[in-house]
Each structure stands twice: as C-alpha cells, then as structure tokens.
Protein chains: 2
Amino acid sequence: MHGSENPKDDDKPPIDIDLLLPFQISQLNAKLAAQARAIIARHGTLSLPEWRIIRVVGMKVATGSTAVRKAAGIDKSQFSRTVNALVEDGFVEVHPSSEDRRQFEISLTSKGHAAHDRLAPELDARQRHLLGALSPAERAVIHSAIRALARAAEQTEFNLDIDSKGTQDNA
Amino acid sequence: MHGSENPKDDDKPPIDIDLLLPFQISQLNAKLAAQARAIIARHGTLSLPEWRIIRVVGMKVATGSTAVRKAAGIDKSQFSRTVNALVEDGFVEVHPSSEDRRQFEISLTSKGHAAHDRLAPELDARQRHLLGALSPAERAVIHSAIRALARAAEQTEFNLDIDSKGTQDNA
DNA sequence: AGTATAAGGTGGATATGTCAACGTCTTGGT
DNA sequence: ACCAAGACGTTGACATATCCACCTTATACT
C-alpha cells in the first residue's frame, strides 16, 4: 500500500469520496494485493501473477495455455512473459500441444509442486479469514454483488439522467 | 480489459477460482478502471490518476498537498509525478503553503475547471449506473462489506486452522 | 483447394502502482 | 537552544497491467 506513512498517522477518511464505489474497490484491491504479496513473500520469491498461474495449474483447473490464461484472468501479453519467467526459474514445464500447434501444455515441476503445497494452505486460510470478516448477510450477497458490478462495468455509455433503473433481475 | 479476445469467445467460467474473493475483486477492479478510462478518454487526454486528483480538488474536498494525496488514495511517489504532469499540462497550479514549507496548495486552472465540469456529470452518472445494477439488499451492505474486507486485508498473519471465527481483534 | 477471418503467443511501448533512499522541514522532547 | 524522530515531497528502480503490431496457426466459407 501507500502505508509508507507511519504508525501514528491514523488514516481518517475525511471526505465523501468514501461513497464512490470504484474508488473504494480500487483501494480494497490494493490492500488485498499487498496482503497476498506479503504472504507469498514469506515463502519464496514468487511474484503475485506467477503464483496465480502456479495455483491454477496446481489445482488442475486447466493445463492448456489458453485455458490457464483465462482461468487466471491474465492478459495475453503478461501471461506470455510470466510463464516464460516461471520456466526460466524452474517452476513449470511446457510441452507443445498435440491438438493446437499454437498452444502448449503447462505442468508443474517438483519445485513448482513444492511451492504450491507450501503456499496453498496459507492462502486458503486467508480466504477463510476474509470471509470470516463479513457478516452472514454480507457473505450471502457479496458474490452476486461483484458479478453485478462486473457486468455493469462493461458498459461505457449510459444516460446522464437519474435513471439507473436496472431490472435487477440477476442473482 | 483483456477484451482483445473477441465477441464470439464467450467466457465460460469453468472453475471454482470463481469463489476466490481477491481474484474476483481484482477482476472487477480491472473492469471498473477500464470503464473509467474509456469514459475519461472520450472527453480529453487525462489519465485516470490525473482525473482522481482533479476530482478531489474540483470537489473542494481538499487543497493542501498531503490532504489531496490522502483523499485520492495515491502513493506519495505517484502523486508527485502526477501533479507535476498536471501542472505541466496546465490543469492545475501550485502555490507554496504558508503553514508548512514542505507542502503546497493545489488549485484548478480554468482549463482544469473545464475538464472537471465536463467529466464530473459523466462519472456521477456512472456511479448511479453501478449502484443501480445492485439489488437493494446488495446496495445496503456493499459499503460495510468493503470496509470489513479492507480491514481484514491488513492482517498478514492468521491461524491455518479452520477458525475464521470473526472478532479478529485488530482495529 | 483457397481464402478470409479470427484466435493464439510474442515483443515493444506505455501506463499504473509499489518500494526504498534521500534531503528538507516540523514537531516534541530535553 | 538543541536534538531525535517523524512527516513531506522527490527521484530512481522495479513490479504489474494494458495496448498494439506482428507472425503463425485454426477455422469457416466458398
């Protein structure tokens, strides 16, 4: 974070920007990423995007390059570079795909497995920790709320009126 | 986004990574940022962090450098560079602070005001659009949920057991 | 078969965010 | 008055994310 301030510097939220959803979510995301980085850093030298890929492959969610890339939600470009870094450092191996000559298959080396087995429990505990911080009511709707917002974030055109009527059919 | 894929490419979420909160929030944040950038780009050449500063100053939330920086939630480093870029491009002016010789006061130029007045209604409409996509139940708890998660994200140590019992005494 | 279109991966350029070190100024002690 | 600790802004380095152009391979259509 920008926690380079100091301990005595209590962040008072003095403003009403507080109410702006995108702002808050961006702040939250930054904190979550910092937390993840701190945990990962305790157990090795993996970067956060590297860990995401290790996790997807380690969970056997997918092995094909495109499938892994989409599961991890990473951009093509970054994915390419990150996988190469992982190969370079001996965490994963790649093999040409027999189905599609453009793609490749990804598998963990023993080093990769070791990293996954060390980190997965920690991150699972964190996930429980995060969910535990929510009230039951919050927990009940958080996922659908995120999905609704993600969908709403795909539009870039909307009336300037106070319409916002949205047939909240979802969930 | 990484929407460089294509229209026919329907994203099927085949996995259970779906359930990982930090992952979803990071994806959501990316979409929100992309949406904001698209809107801002329609009306000028401001970058997203530049706009955040313009907005804070334009809303008269704060004028002192540190206050603006914290209200905008931007890192010291990025803040320094971004403000300089804004001065360079004639959107804001800075004056030395009489209270604290380390800080400075920030004010919008007429060009800065124009940009603010053009963009603010659009972004307000977007905020309504986003809130409108949520059900009343979701809207009722979204802010407290975000706050709870943000607080929970500040811890990096927790038991590996399936405790996840709340009252993580931090705060 | 032959071709247009699109998906896949790579690399360069750029934007955005984070971290650490520095010099300056303020504050709170003594 | 002095000094130590903290806060501030700046800079450089690096990490992460996005965008775009390119070439190769797959797929759909004819």
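Order of the sequence lines fixes the chain letters, A, B, ..., with proteins taken first and strands second; residue numbering starts at 1 for each chain.
Remark: C1' of C/dT10 and CD1 of A/I74 are 16 Å apart, rounded to the nearest angstrom. Counting to the nearest Å, the C1' atom of D/dT10 and the CZ atom of B/R102 are 14 Å from each other. Taking atom CG of residue A/L46 and atom P of nucleotide D/dT16, one finds them 10 Å apart after rounding to whole Å. For the pair A/R69 CZ and D/dT18 P, the interatomic distance rounds to 13 Å; values are reported in whole Å. Spacing between atom NZ of A/K76 and atom P of D/dC20 amounts to 12 Å, rounded to whole angstrom units. Atom CD1 in A/I53 sits roughly 11 Å away from atom P in D/dA17 (whole-Å rounding). Straight-line distance from the CG atom of B/L48 to the C1' atom of C/dT14: 15 Å, rounded to whole Å. Spacing between atom CD1 of A/I40 and atom P of C/dT18 amounts to 15 Å, rounded to whole angstrom units.
Phosphate contact (OP1/OP2 of C/dT10, side-chain N/O of A/S80, threshold under 4.0 Å): present. Here B/Q78 does not reach the OP1 or OP2 of C/dT16: none of its side-chain N or O atoms lies under 4.0 Å away.
If you check C/dG8, C/dT26, C/dC19 against the side chain of B/D75, the one that comes closest is C/dC19. For A/A30, counting side-chain heavy atoms from C-beta on, the closest listed nucleotide (C/dT26, C/dG8, C/dT18) is C/dT18.
Taking the charged nitrogens against the carboxylate oxygens, B/R55 and B/D124 do have a contact shorter than 4.0 Å, which makes a salt bridge.
You'll find a donor-acceptor pair under 3.5 Å spanning the side chain of A/R81 and the base of C/dG12, going by distance alone. Between the side chain of B/S77 and the base of D/dG12, at least one donor-acceptor pair of N or O atoms lies under 3.5 Å. For A/S47 and D/dT16, a side-chain-to-base donor-acceptor distance below 3.5 Å is absent, hydrogens and geometry of angles not being considered.
Side-chain polar atoms of B/Q35 and A/T156 form no donor-acceptor pair below 3.5 angstrom.
The residue B/S65 sits close only to the backbone: its heavy atoms come under 4.0 Å of sugar-phosphate atoms, none of a base. If you check every strand for non-hydrogen atoms under 4.0 Å, A/Q103 touches sugar and phosphate atoms only.
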Got a list of side-chain donor-acceptor pairs under 3.5 Å for residues 88-99 of chain B, not counting sequence neighbours?
from, atom 1, to, atom 2, distance (Å)
B/H95, NE2, B/S107, OG, 3.4
B/S97, OG, B/E99, N, 3.1
B/S97, OG, B/D100, N, 3.2

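At a threshold of 4.5 Å between non-hydrogen side-chain atoms, the residues B/H43 and B/E122 count as touching.
Each of A/S26 and A/T66 has a nearest nucleotide on DNA chain C; the 5'-most of these lies closest to A/T66. Where A/R101 and B/A33 meet DNA chain D, the nucleotide closest to each residue was compared, and B/A33 sits on the side nearer the 5' end.
Atom CZ of A/R118 is surrounded by more than 12 heavy atoms from other residues, nucleotides or ligands within 6.0 Å.
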